[in-house]
Amino acid sequence: MDEQGIYVEIMKKLQRKYGSLNEIQKTTQEMQEALSRNDRVSMEMLISMRQEGIELAADCDRDIRYLLSILEPDKRERARGWLNEGTAKEADGFEAVKISEIASSVRKVLERTIQIDRQMSQRVAGKDSYYQ
């Protein structure tokens, strides 16, 4: 696989991860609603559903790490910058810009999900919350 092909595959995996994280966020919101209703049965079902999404996102991360490992070291570091800091410029190419954009969207949905999870955890566990 050539360099551009690797970047396209990274884009695809990131897009799949983004979709998975959106589902995780939706499920987390549903968990928050079930918690407010004290609906234990729904909570258990939603926790299981969320775990499936988490596993899918982890699979995407694993695949992205593999794709990065194929790249030459200098190109690997540059691609990591696109993923982690959104450093891609138009001069880096379409794929680089899209990788940066999707990675930024992934970070945003993850932050929103963590915020919802933090609220639930603090409500349930109080001072013993993971987030304290």
Side-chain angles (χ1 to χ4, degrees):
M1 185 180 311
D2 68 341
E3 180 181 334
Q4 187 172 4
I6 292 170
Y7 296 151
V8 168
E9 288 302 312
I10 290 172
M11 281 178 12
K12 289 178 185 177
K13 296 298 179 182
L14 268 178
Q15 192 62 46
R16 176 176 271 164
K17 179 179 179 180
Y18 177 71
S20 174
L21 289 175
N22 271 324
E23 285 300 313
I24 291 168
Q25 180 183 358
K26 180 182 170 196
T27 303
T28 304
Q29 288 171 327
E30 291 173 5
M31 287 171 61
Q32 188 175 40
E33 292 166 11
L35 180 63
S36 69
R37 295 187 313 267
N38 290 323
D39 185 348
R40 186 175 193 86
V41 174
S42 292
M43 274 298 280
E44 290 175 7
M45 180 184 71
L46 290 165
I47 288 170
S48 176
M49 289 171 55
R50 188 168 83 157
Q51 184 60 39
E52 291 171 13
I54 291 169
E55 290 170 5
L56 179 60
D59 288 346
C60 292
D61 283 339
R62 183 196 67 235
D63 293 346
I64 291 168
R65 280 192 305 274
Y66 170 74
L67 290 164
L68 289 171
S69 75
I70 296 172
L71 293 169
E72 295 174 17
D74 61 322
K75 294 178 187 209
R76 180 181 318 130
E77 290 310 308
R78 194 171 57 177
R80 282 189 178 136
W82 303 337
L83 287 164
N84 298 326
E85 289 100 36
T87 58
K89 299 173 183 67
E90 283 191 40
D92 293 320
F94 172 80
E95 292 84 3
V97 172
K98 289 305 287 180
I99 287 170
S100 286
E101 289 173 358
I102 299 168
S104 175
S105 295
V106 164
R107 284 189 297 278
K108 287 175 186 172
V109 74
L110 188 56
E111 288 169 8
R112 289 190 305 263
T113 304
I114 290 170
Q115 181 61 32
I116 296 166
D117 194 70
R118 176 179 288 124
Q119 292 168 354
M120 280 192 310
S121 178
Q122 289 173 338
R123 179 174 176 209
V124 171
K127 67 178 182 157
D128 294 328
S129 169
Y130 170 80
Y131 294 102
Q132 290 295 330

Query - Presence of salt bridge, Glu101 and Lys98, under 4.0 angstrom - result: yes
Query raised in the report: Applying the 4.5 Å side-chain criterion to the ILVMFWY set and letting contacts propagate, would Leu67 and Phe94 be lumped into a single cluster?
Result: yes
Query raised in the report: Shared ILVMFWY cluster between Val41 and Leu46, side chains joined below 4.5 angstrom?
Result: no
Query raised in the report: If you measure from the Lys or Arg side-chain nitrogens to the Asp or Glu carboxylate oxygens, is any gap between Asp117 and Arg50 under 4.0 Å?
Result: yes
Query raised in the report: Roughly how far apart are Ile116 CD1 and Ile24 CD1, rounded to 0.5 Å?
Result: 12.0 Å
Query raised in the report: Between Leu14 and Val106, which heavy-atom pair has the shortest distance, and what is it?
Result: O-CG2, 4.1 Å
**Report entry** Under 3.5 Å side-chain donor-acceptor pair for Arg112 and Gln115
**Finding:** no
Query raised in the report: Ile99 and Tyr7: which non-hydrogen atoms are nearest, and at how many Å?
Result: CD1-O, 3.7 Å
Query raised in the report: Do you know the tightest heavy-atom contact between Arg123 and Ser36?
Result: NH1-CA, 3.2 Å
Query raised in the report: Would you say Asn84's side chain and Arg80's backbone share a donor-acceptor pair under 3.5 angstrom?
Result: yes
Requested in this report: Could you walk me through whether Ser42 and Arg37 pass side chain to side chain contact (heavy atoms under 4.5 Å, CB included), step by step?
Outcome: CA-CA 10 Å; Ser42 292; Arg37 295 187 313 267; 4.1 Å; yes
Report summary line: d(Thr113 OG1, Ile54 CD1) to nearest 0.5 Å is 9.5 Å
Query - Minimum heavy-atom distance between Ala96 and Ala88, given as atom pair plus value - result: O-CB, 3.2 Å
Query - Path from Ile64 to Val97 over hydrophobic side-chain contacts below 4.5 Å - result: no
Requested in this report: Could you tell me whether Glu111 and Lys108 have a side-chain N and a carboxylate O separated by less than 4.0 Å?
Outcome: no
Query raised in the report: Taking atom CD of Gln32 and atom CD of Gln119, what is their separation to the nearest 0.5 Å?
Result: 5.0 Å
Query raised in the report: Do Arg78 and Glu3 sit within salt-bridge range, that is, some charged N less than 4.0 Å from a carboxylate O?
Result: yes
Report task. Go through Met43 and Asp39 one step at a time and tell me if the side chain to side chain contact (heavy atoms under 4.5 Å, CB included) criterion holds. Result -> CA-CA 6 Å; Met43 274 298 280; Asp39 185 348; 5.8 Å; no
Query raised in the report: Looking at Arg40 and Glu44, does any basic side-chain N land under 4.0 Å from a carboxylate oxygen?
Result: yes
Query raised in the report: Does the distance from a Lys or Arg side-chain N to an Asp or Glu carboxylate O, for Asp59 and Arg62, drop under 4.0 Å?
Result: yes
Query raised in the report: How many angstroms lie between CG in Leu68 and CG in Asp63, if you round to the nearest 0.5 Å?
Result: 11.0 Å
**Report entry** Heavy-atom closest pair, residues Ala57 and Ser20
**Finding:** N-OG, 3.7 Å
Query raised in the report: Any chance CD of Gln4 has more than 12 other-residue heavy atoms, nucleotides or ligands included, within less than 6.0 Å?
Result: no
Query - Spacing of Ile10 atom CD1 and Tyr66 atom OH [to the nearest 0.5 Å] - result: 11.5 Å
Query - Atom pair CE/CD1 of Met31 and Ile47 - distance to nearest 0.5 Å - result: 4.5 Å
Query raised in the report: Around atom CZ of Arg76, are there more than 12 heavy atoms of other residues, nucleotides or ligands at under 6.0 Å?
Result: yes
Query raised in the report: Under 4.5 Å between side-chain heavy atoms, hopping through other hydrophobics if needed: is there a path connecting Leu110 to Tyr18?
Result: yes
**Report entry** Non-hydrogen atoms of Met11 and Ile102 that approach each other most closely
**Finding:** O-CD1, 4.0 Å
